[in-house]
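Here is how names work: the chains are called A, B, and so on, in the same order as the sequence lines, proteins then strands, and each is numbered from 1.
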Amino acid sequence: MAQDEQLHKIRHSMAHVMAEAVIEKFPGTKVAIGPAIEDGFYYDFDLPRQLNEEDLESISERMQEIIKEGHEFQRSVVKREEAYELFKKQDQDYKLELLEAIPEGEEVSLYNQGGFVDLCRGPHVEDTGQLNAQSFKLLNIAGAYWRGDEKNRMLTRIYGTAWKNPKELRQYLQRLEEMRKRDHRKVGRELDLFSTHEEAGPGLIYWHPKGARIRLAIEDYWRAEHLKNGYEMLYTPHVGKSWLWETSGHLGFYNENMYSPMQVDENDYYIKPMNCPFHIMIYNTNLHSYRDLPLRWAELGTVYRYERSGVLHGLLRVRGFTQDDAHIICTPDQVEDEILEVLRFSLAMWKAFGFSDIKAYLATRPGEDKSVGDDSAWEQASDSLKKAIEAEGLDYEVDEGGGAFYGPKIDLKIKDALGREWQMTTVQFDFNLPERFDMTFVDHDGKEKRPYMVHRALLGSIERFFGVLVEHYGGAFPIWLAPVQARVIPVADPFNEYAQDVKRKLLAAGLRVEADVSDNRMNAKIRNAQNEKVPYMLIVGEKEKDGDSVSLRRRTGKQQDVMTVEEFIGFANQKIADKEEI
RNA sequence: GCCAAAAUAGCUCAGUGGUAGAGCAACGCUCUCGUAAAGCGUAGGUCCGCGGUUCGAAUCCGCGUUUUGGCUCCA
């Protein structure tokens with residue numbers, strides 16, 4: 001803990017050193033804010049001119065000098081007016097604005113190092129001697145709105161990373177490099193999994209055959225598990241008349257994410273940004289008894305949402321995606337059990353896909369004027385969410401007031417192989433739609449009552465999940481997901497026919513298999529298969545042909561086994577069933 | 001959407017005003033090979049698009065598109 005504090009001080013101090021260097025290099029620069037962040041720091045500047053990569057170099061060099069000069073970080077508490085005068089004199093408008101925002105009665109502290117005075121709460125290291133000139137690096141330049149509000153002026157933000165020593169910096173840079181190597185956009189290209197097309201519309205994903213094989217494996221598993229867990233499957237339309245979206249309220253509160261309507265027979269039809277209204281239509285088709293509940297209705301529903309052009313990112317942020325959506329419609333009595341079930345189900349699913357480090361975020365009621373539904377329902381709902389998290393022993397944080405206006409929710413964040421967190425699962429109560437669509441069930445007493453409705457997506461979106469999965473495994477998928485589970489490699493073309501023969505047998509046994517009968521040499525074929533991260537390479541030549549066997553080489557390298565084709569089928573199917581890595 | 005940068009062969013990338021290049025991949029030929037790249041050859045480009053400056057533009061300027069890094073938002 002003390003360690004983290006020290007690192008935080010280093011980063012925060014580094015931001016000040018950077019600001020000092022920038023002001024020196026670019027007189028007239030106005031400084032905004034410069035905090036420490038995860039892995040580093042940034043500082044926002046209003047600069048007299050644009051920056052480029054060379055500027056980063058020279059700023060960085062100056063920072064190294066400043067550090068070596070050994071300035072002290074002097075903290076002083078001053079009167080508000082004093083600080084005001086100081087920053088007024090320097091024309092530091094942003095600091096003046098920040099100063100005004102400090103509540104009366106709170107002390108105003110300044111930090112001075114080498115003549116650079118900053119309005120700052122601190123804390124900092126005592127002097128630049130505690131910083132290491134070789135253990136920071138300026139990473140990139142980006143735009144950022146003053147105070148994060150797009151109505152404000154766009155400032156220039158410089159990001160840097162800083163560590164205690166050069167070794168830690170080196171390790172961090174290696175981690176960045178590893179992230180670049182695993183980037184799903186790069187791996188997706190290399191393994192021919194998916195593409196997007198400028199001419200055909202940004203943010204829309206084209207799944208290639210190999211990507212589609214993985215998706216099929218994901219969806220097959222997903223469907224089978226849902227059926228086992230008492231879900232029914234639905235299929236619903238992709239568009240709906242304006243009545244549907246007016247009733248649901250989406251035209252009001254979700255309009256900016258929806259595409260313009262198309263006219264059909266003088267009616268406006270909207271492409272769906274969500275599946276829920278359709279599921280409700282199915283619910284409302286029939287009268288429901290309390291005996292029918294709970295209903296668990298799932299659909300791999302493809303939705304389209306407008307996203308601002310600047311936010312699109314590979315598979316992680318797109319304009320068309322498939323949610324692994326489901327709606328649970330139940331009585332108030334059933335809520336607690338249902339939530340617990342959903343959470344258990346979700347955790348089991350994550351485990352199967354190779355993720356076990358999971359954290360929960362509980363978001364509660366935003367405030368009565370900003371939300372619908374009565375108190376007792378919100379309370380019961382939040383309570384059941386919390387109980388479920390605790391029953392499963394999950395780490396969690398509460399985001400007080402962070403729920404949607406229509407209900408509280410749990411989000412799950414999963415940690416990938418590189419320790420990055422991704423928000424995937426969401427479980428949300430909805431007190432709005434049952435009301436708007438007048439959903440009812442007939443209770444014991446013969447009276448119509450309002451059911452509870454819970455939206456949930458476990459993987460979130462198939463596209464995003466796939467992107468995360470690619471990065472988690474770096475393209476080396478476990479055998480049950482691998483697009484090509486085995487590749488048959490003949491040692492020379494006289495054995496092509498036998499290779500094809502083996503391939504046919506494996507295909508018939510349900511394996512995803514290819515035979516490499518290109519005119520490459522065997523070594524090149526092995527190399528290609530390795531680069532494509534094919535789990536099993538089956539080398540066949542004279543000996544194998546005679547023995548009706550294959551020589552198994554794993555992508556992990558060394559160990560080789562010779563076994564008959566039948567034995568290999570049994571071996572591979574076992575690994576697949578057990579969801580082993582390889 | 002906003003700020004900045006980028007876009008050259010299928011991929012990765014050279015090319016700073018004077019005839020558009022390399023490696024890999026593709027295709028053809030030779031070789032018939034035992035666990036991470038055989039050799040030779042052929043073909044492949046509206047240099048993102050449109051407009052401008054210039055005797056001449058991949059290169060300079062403007063507008064647009066897309067991508068990347070952020071801001072904001074989010075599955």
Is [X] side chain donor-acceptor paired with the [N] base, going by distance under 3.5 Å alone?
X	N	result
A:Ser551	B:U35	yes
A:Arg317	B:C73	yes
A:Tyr145	B:G1	yes

Atom-to-atom span, CG of A:Leu459 to P of B:A75 - whole angstrom: 15 Å
Interatomic distance, A:Phe495 CZ vs B:C33 P [rounded to whole Å]: 8 Å
Nucleotide of [options] approaching [X] most closely (side-chain heavy atoms):
X	options	answer
A:Arg521	B:A38, B:G1, B:C74	B:A38
A:Asn523	B:A75, B:U32, B:A37	B:A37
A:Glu198	B:U65, B:G70, B:G69	B:U65
A:Glu542	B:G34, B:U66, B:C33	B:G34
A:Asn531	B:U35, B:A36, B:C29	B:A36

Just to be sure I understand the rule, does [X] reach a base, reach only the sugar-phosphate, or reach nothing, if contact means heavy atoms closer than 4.0 Å?
X	value
A:His197	nothing
A:Ala524	sugar-phosphate
A:Asp493	base
A:Met424	sugar-phosphate
A:Lys525	nothing
A:Glu463	nothing
A:Glu256	nothing
A:Arg157	sugar-phosphate
A:Thr196	nothing
A:Gly148	sugar-phosphate
A:Ala144	sugar-phosphate
A:Val303	nothing

Could you let me know what [N] is paired to, Watson-Crick or G-U wobble, both distances under 3.5 Å, or none if it's on its own?
N	answer
B:C33	none
B:G10	B:C24
B:C71	B:G1

Aromatic A:Tyr396 / basic A:Lys359 pairing, under 6.0 angstrom, 45° off normal: no
Near-ring test A:His226/A:Phe345, centroid separation under 6.0 angstrom: yes
From CA spacing to verdict: side chain to side chain donor-acceptor pair (under 3.5 Å), A:Thr161, A:Asp39: CA-CA 6 Å; A:Thr161 185; A:Asp39 302 331; over 6 Å; no
Upstream residue (5' side of RNA chain B) when A:Ile141 and A:Glu307 are each assigned their closest nucleotide: A:Ile141
Along RNA chain B (nearest heavy atom to each residue), the more 5'-positioned of A:Gly460 and A:Leu51: A:Leu51
P-based separation of B:A9 from B:A14 [nearest Å]: 12 Å
Candidate pair A:Val17 and A:Phe136, rule side-chain contact (heavy atoms from CB on, under 4.5 Å), full reasoning: CA-CA 11 Å; A:Val17 171; A:Phe136 79 95; over 6 Å; no
Pairing of A:Arg296 and A:Glu338 as salt bridge, 4.0 angstrom limit: yes
Electrostatic pair A:Glu400:A:Arg365 at N-O distance under 4.0 angstrom: no
Residue pair A:Ala360 / A:Leu394: nearest heavy atoms and the distance that separates them: CB-CD1, 4.1 Å
Ring-base stacking, A:Tyr159 with B:G70 (5.5 Å, 30° cut-offs): no
